[in-house]
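Encoded as structure tokens, the structure appears first; notes follow it.
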Amino acid sequence: MAEYDAIADEYAASKLLPWRTQVEQPTLFGLLGDVRGKSVLDLACGDGIYARMLADRGASRMHGVDLSSGMIDLARRSEAARPRGITYSVSDAADVRGLGGFDLVMAAYLFNYAQDRAQLRRMAESAYRNLVPGGRLCGVNDNPRTSPGRYRYYPEFSFIRYIEKPQREGSTITWAIQPDTGEPCIFDNFWIPPGTYEAVFAEVGFKEFRFVNAHVAPGADPTPFSDFLADCPICGISAMRPLGS
Ligand SMILES: C[S@@+](CC[C@H](N)C(=O)[O-])C[C@H]1O[C@@H](n2cnc3c(N)ncnc32)[C@H](O)[C@@H]1O
């Protein structure tokens, strides 16, 4: 059973917390830009929360992939309740092929599931393979650049994040999020050094791979999130499949 099968409801509830809506979302949407008329592949789509938002923002084609059948069940139920034309499949994101090229690949918390360089590379290859030349990869991720002292409890944000010591490639990062109602949502990510991300994405053929500092929406007051945003636990990621590749 995939880890998320057991926590699908708790995870969905955690997406309503303010740091999700006021930091995670603006960081991701800032990278994605205007999606009207664009085809988007959502790797590690979870329950499809971002797939639905992008369909509502005018994406021309949306397909979501997740390892967890529990998460995909939730996504399909939402699609059945309010059809937007989104399709879903249960698969390892690293194995996605045959869907045709997409203008955008979105990866919201996928790469932090890579337990070593080889797995990160297979995921990056899949993102590249599924983009049209000139297409972009955008996502949010556990921030691998975090200082050791910042793996801690964030009391104002119902959020705990710890890393296994000694910190090395594949170290477990435990996230525990307490939604406003219901059970806490607890899951593990894995740490890969930032320089390994940069090297792997370049080896695969991506250009302009970069980590992007998380932020609030343009014009919004960042003060309520200042403790969260400083050396932030999450970051954006962005890269491009070059034209002519
Ligand atoms: C933190 S959730 C993010 C879900 C969604 N992107 C969001 O932002 O709400 C991580 C998701 O990654 C999925 N996942 C983990 N490893 C995966 C893999 N190798 N291939 C596809 N999905 C994976 C999990 O099942 C889970 O749904």
Side-chain angles (χ1 to χ4, degrees), residues 1-17 19-32 40-55 59 62-79 86 88-97 99 104-127 129-130 137-144 159-161 170 172-179 184-192 200 214 233-237:
M1 186 172 86
E3 180 186 33
Y4 277 79
D5 290 358
I7 58 166
D9 291 329
E10 291 83 353
Y11 186 78
S14 86
K15 294 301 262 194
L16 303 174
L17 288 167
W19 67 266
R20 297 284 209 180
T21 57
Q22 293 172 56
V23 176
E24 178 180 301
Q25 285 185 23
T27 302
L28 181 62
F29 291 138
L31 289 171
L32 287 162
V40 187
L41 174 64
D42 184 355
L43 293 178
C45 65
D47 69 0
I49 179 171
Y50 286 131
R52 289 189 290 282
M53 288 186 191
L54 295 196
M62 277 295 326
H63 184 82
V65 172
D66 201 278
L67 199 57
S68 160
S69 56
M71 293 301 248
I72 293 293
D73 282 349
L74 285 179
R76 286 186 173 137
R77 260 184 267 156
S78 294
E79 179 63 20
I86 309 173
Y88 292 101
S89 47
V90 178
S91 167
D92 189 322
D95 295 335
V96 177
R97 32 176 63 78
L99 296 174
L104 287 165
V105 168
M106 173 167 62
Y109 304 111
L110 169 66
F111 299 115
N112 42 229
Y113 281 94
Q115 299 194 29
D116 57 27
R117 189 187 210 281
Q119 194 178 6
L120 181 65
R121 181 166 174 145
R122 287 194 296 277
M123 289 175 176
E125 284 170 344
S126 178
R129 182 171 65 237
N130 286 289
L137 165 69
C138 303
V140 284
N141 212 68
D142 181 273
N143 184 3
F159 179 55
I160 301 173
R161 177 171 170 259
T172 303
I173 303 166
T174 301
W175 283 46
I177 308 169
Q178 177 62 61
C185 176
I186 302 170
F187 52 87
D188 288 337
N189 291 330
F190 303 94
W191 186 76
I192 304 278
V200 161
I234 66 168
C235 66
I237 51 172

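Both ligands and their constituent atoms are indexed starting at 1 by order of listing.
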Would you mind listing which atoms of ligand 1 come within a distance below 4.0 Å of any non-hydrogen atom of [X]?
{"X": "Ala44", "result": "4 (C), 5 (C), 6 (N), 12 (O), 13 (C), 22 (N)"}
{"X": "Ser68", "result": "25 (O)"}
{"X": "Tyr50", "result": "8 (O)"}
{"X": "Tyr109", "result": "1 (C), 8 (O), 10 (C)"}
{"X": "Ala108", "result": "3 (C), 5 (C), 6 (N), 8 (O)"}
{"X": "Gly46", "result": "4 (C), 5 (C), 27 (O)"}
{"X": "Met71", "result": "27 (O)"}
{"X": "Ser91", "result": "20 (N), 21 (C)"}

Test your reading of the model: is there a side-chain donor-acceptor pair from [X] to the backbone of [Y], 3.5 Å cut-off?
{"X": "Ser91", "Y": "Val65", "result": "no"}
{"X": "Asn112", "Y": "Asp142", "result": "yes"}
{"X": "Trp191", "Y": "Pro144", "result": "yes"}

Problem set entry | Pairing residues for Arg52 by the salt bridge (Lys or Arg N to Asp or Glu O under 4.0 Å) criterion, not counting sequence neighbours | Asp47

Do [X] and [Y] come within less than 4.5 Å of each other through their side chains, counting heavy atoms only?
{"X": "Cys45", "Y": "Met71", "value": "no"}
{"X": "Trp175", "Y": "Asp188", "value": "no"}
{"X": "Ile192", "Y": "Arg117", "value": "no"}

Report yes if some N/O of [X] lies less than 3.5 Å from some N/O of ligand 1; otherwise report no.
{"X": "Phe187", "value": "no"}
{"X": "Ile49", "value": "no"}
{"X": "Asp66", "value": "yes"}
{"X": "Lys15", "value": "yes"}
{"X": "Asp42", "value": "no"}
{"X": "Ala93", "value": "yes"}
{"X": "Asp92", "value": "yes"}

So, does [X] sit close enough to ligand 1 that a heavy atom of it is under 4.0 Å from the ligand?
{"X": "Ala107", "answer": "no"}
{"X": "Tyr11", "answer": "yes"}
{"X": "Cys45", "answer": "yes"}

Exercise. Given Leu67, Leu110, Val90, Asn112, which has its nearest heavy atom closest to atom 22 (N) of ligand 1?
Worked result: Leu67

For this session: Can you run down the salt bridge (Lys or Arg N to Asp or Glu O under 4.0 Å) pairs that involve residues 63-77, sequence neighbours left out, and say none if there aren't any?
Result: none

Exercise. Should Glu125 and Arg129 be marked as a salt bridge (charged side-chain N to carboxylate O under 4.0 Å, His left out) after you check the CA-CA gap, both sets of side-chain angles, and the distance that decides it?
Worked result: CA-CA 6 Å; Glu125 284 170 344; Arg129 182 171 65 237; 5.3 Å; no

Seminar exercise, completed: Looking only at heavy atoms, the pair that brings Val23 and Pro26 closest together is O-CD, 3.3 Å

Seminar exercise, completed: To the nearest 0.5 Å, atom CZ of Phe159 lies from atom CZ of Arg20 at 7.5 Å

Exercise. To the nearest 0.5 Å, how far apart are CD1 in Ile186 and OG1 in Thr174?
Worked result: 9.0 Å

